[in-house]
Amino acid sequence: VVLDAEEVAAGARRLRASCRSANRDIALIYTLLCTGLKTMELARLQVGDYLDEQGNVRRRSMLRAGAASNGLERPLFFVSAKAVESIDTYLEERIRRRLGVGVPNRFRGLDPTSRLFLTEAGNPFQVKPRSATDSRLTSKYLQATLRLAFARAGWIGMTAQQVRRQVAVAMERHGADRTQLQELLGLRSSRQVHRLTSLPPVPLEEIARELV
């Protein structure tokens with residue numbers, strides 16, 4: 001599945017018609033598509049990373065070192081109209097449901113340290129080591145939530161890592177060089193950038209099909 005703007009909009013409509021948590025799931029998908037965050041980074045985003053104290057969107061924010069998978073602060077942009085609209089819709093639902101609320105008239109009445117995205121029950125998505133022998137952090141519940149959201153959107157087999165790859169390719173096509181991609185996606189080396197942006201070879205049959 002190639003998630004161009006038309007297919008994302010169609011997937012959002014399918015989600016809206018099939019899911020009680022549609023506002024959150026649509027916001028999750030648009031945020032992934034516009035930031036290229038890893039799942040555990042997405043789980044660790046806070047309301048204060050998205051909103052300032054006056055309730056305005058932080059168009060240019062920073063992914064905190066404590067939230068980044070590599071432990072390094074990096075730029076985080078909320079400049080997509082679709083992403084901002086979807087996140088705002090979800091936050092309006094949170095306010096109605098009194099999930100993670102704080103002081104009135106600050107951060108739209110939400111607690112700035114609460115997670116930006118919550119489970120259906122209003123709890124943070126847990127981030128834990130992958131296993132007793134693998135200390136790398138992950139959020140298995142958020143991964144499962146995203147897989148279900150992708151399926152409901154009609155994108156069978158889609159994963160958060162595949163979305164991240166599409167984001168990297170899209171950024172490269174918009175003119176980002178490898179140094180910028182390394183910074184924006186929190187990659188440790190240019191080799192990781194190459195792996196993420198390299199597309200699999202086209203099968204010979206497809207190359208030869210309908211040449212004229």
Side-chain angles (χ1 to χ4, degrees), residues 8-9 12 15-16 19-128 137-139 141-143 145-146 149 160 163-164 167 170-171 174 176 180-187:
V8 174
L15 258 174
R16 180 79 60 200
C19 178
R20 288 192 305 172
S21 58
N23 286 335
R24 182 204 60 193
D25 291 352
I26 292 170
L28 279 168
I29 288 171
Y30 270 113
T31 303
L32 270 180
L33 284 167
C34 296
T35 63
L37 291 172
K38 290 186 175 182
T39 308
M40 58 82 65
E41 294 172 333
L42 188 63
R44 284 176 157 179
L45 284 183
Q46 295 180 352
V47 169
D49 297 326
Y50 176 70
L51 297 177
D52 64 20
E53 187 172 348
Q54 289 71 43
N56 301 312
V57 176
R58 296 184 188 274
R59 301 287 175 174
R60 182 187 177 111
S61 184
M62 296 296 292
L63 182 66
R64 292 166 290 106
S69 61
N70 61 3
L72 300 175
E73 185 179 70
R74 70 177 190 265
L76 179 64
F77 296 95
F78 295 103
V79 292
S80 161
K82 291 289 187 182
V84 168
E85 179 184 4
S86 65
I87 297 171
D88 285 350
T89 299
Y90 170 58
L91 293 184
E92 288 171 6
E93 177 187 324
R94 278 188 51 177
I95 293 168
R96 289 196 303 271
R97 296 178 60 194
R98 306 289 296 169
L99 299 178
V101 294
V103 178
N105 302 320
R106 295 180 65 241
F107 298 95
R108 299 188 192 175
L110 294 166
D111 179 354
T113 64
S114 70
R115 299 288 175 82
L116 184 59
F117 299 105
L118 301 173
T119 67
E120 290 86 348
N123 299 315
F125 286 97
Q126 294 297 312
V127 176
K128 297 180 179 180
L137 297 175
T138 188
S139 179
Y141 189 20
L142 181 52
Q143 287 178 338
T145 297
L146 287 168
V163 172
R164 182 169 159 86
V167 172
M171 287 179 173
H174 276 79
Q180 291 172 318
L181 284 172
Q182 188 173 334
E183 181 180 16
L184 286 167
L185 298 174
L187 300 171

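This structure is a prediction, so every number in the text was calculated from the model and none was measured.
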For salt bridge (charged side-chain N to carboxylate O under 4.0 Å, His left out), just list the numbers for E93 and R24, CA-CA rounded to whole Å, side-chain angles, deciding distance to a tenth of an Å, and then say yes or no. CA-CA 9 Å; E93 177 187 324; R24 182 204 60 193; over 6 Å; no
Mind listing the closest non-hydrogen atom pair of [X] and [Y] along with its distance?
| X | Y | result |
| --- | --- | --- |
| L184 | M171 | CD1-SD, 4.1 Å |
| T119 | P124 | CG2-O, 4.0 Å |
| G122 | L99 | CA-CD2, 4.0 Å |
| L116 | R94 | O-NH1, 3.1 Å |
| A160 | T39 | CB-OG1, 3.6 Å |
| A83 | C34 | CB-SG, 3.8 Å |

[Y] and [X], any side-chain heavy atoms less than 4.5 Å apart:
| X | Y | value |
| --- | --- | --- |
| R97 | L118 | no |
| L42 | T31 | yes |
| V163 | L146 | no |

Please assess V47 against D111 for the test side-chain contact (heavy atoms from CB on, under 4.5 Å), listing each intermediate value before the final yes or no. CA-CA 7 Å; V47 169; D111 179 354; over 6 Å; no
Kindly indicate, with the supporting measurements, whether the criterion side-chain contact (heavy atoms from CB on, under 4.5 Å) is fulfilled by L45 and L76. CA-CA 11 Å; L45 284 183; L76 179 64; 3.8 Å; yes
Hey, mind stepping through V57 and D88 against side-chain contact (heavy atoms from CB on, under 4.5 Å) and telling me if it holds? CA-CA 9 Å; V57 176; D88 285 350; 4.2 Å; yes
First locate atom [atom1] of [X], then atom [atom2] of [Y], and finally report the distance between them rounded to the nearest 0.5 Å.
| X | Y | atom1 | atom2 | answer |
| --- | --- | --- | --- | --- |
| R115 | L142 | CZ | CG | 10.5 Å |
| N123 | S114 | CG | OG | 12.0 Å |
| N23 | R96 | CG | CZ | 7.0 Å |
| R164 | T35 | CZ | OG1 | 9.0 Å |
| M40 | Q143 | CE | CD | 11.0 Å |

Within the 3.5 Å criterion, strictly below it, is a donor on S69 or E41 matched to an acceptor on the partner's side chain? yes
Ring pair (Phe, Tyr, Trp, His ring centres under 6.0 Å), paired with F117, selected from Y90, Y30, F125: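 Exactly one candidate clears the test, Y90.
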Counting distance only, does the side-chain N/O of [X] pair as donor-acceptor with the main-chain N or O of [Y] below 3.5 Å?
| X | Y | answer |
| --- | --- | --- |
| S21 | D25 | no |
| S139 | Q126 | yes |
| R59 | V79 | no |

L37 and side-chain contact (heavy atoms from CB on, under 4.5 Å): which partner among L185, L63, V167? L63
With respect to L51, which candidate in Q46, R106, R58, R108 satisfies the side-chain contact (heavy atoms from CB on, under 4.5 Å) definition?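 Testing each of Q46, R106, R58, R108 against L51, the sole residue satisfying side-chain contact (heavy atoms from CB on, under 4.5 Å) is R108.
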Atom CZ of residue position R98 - does it have more than 12 heavy atoms of other residues, nucleotides or ligands inside 6.0 Å? no
Test side-chain contact (heavy atoms from CB on, under 4.5 Å) on L33 and V8 and set out the steps. CA-CA 9 Å; L33 284 167; V8 174; 3.6 Å; yes
Does anything in residues 52-86 pair up under ring-ring contact (aromatic ring centres under 6.0 Å, His included), and if so which pairs, sequence neighbours excluded?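 As it turns out, the ring-ring contact (aromatic ring centres under 6.0 Å, His included) pairs with a partner in residues 52-86, which skip direct neighbours, are Y50-F78.
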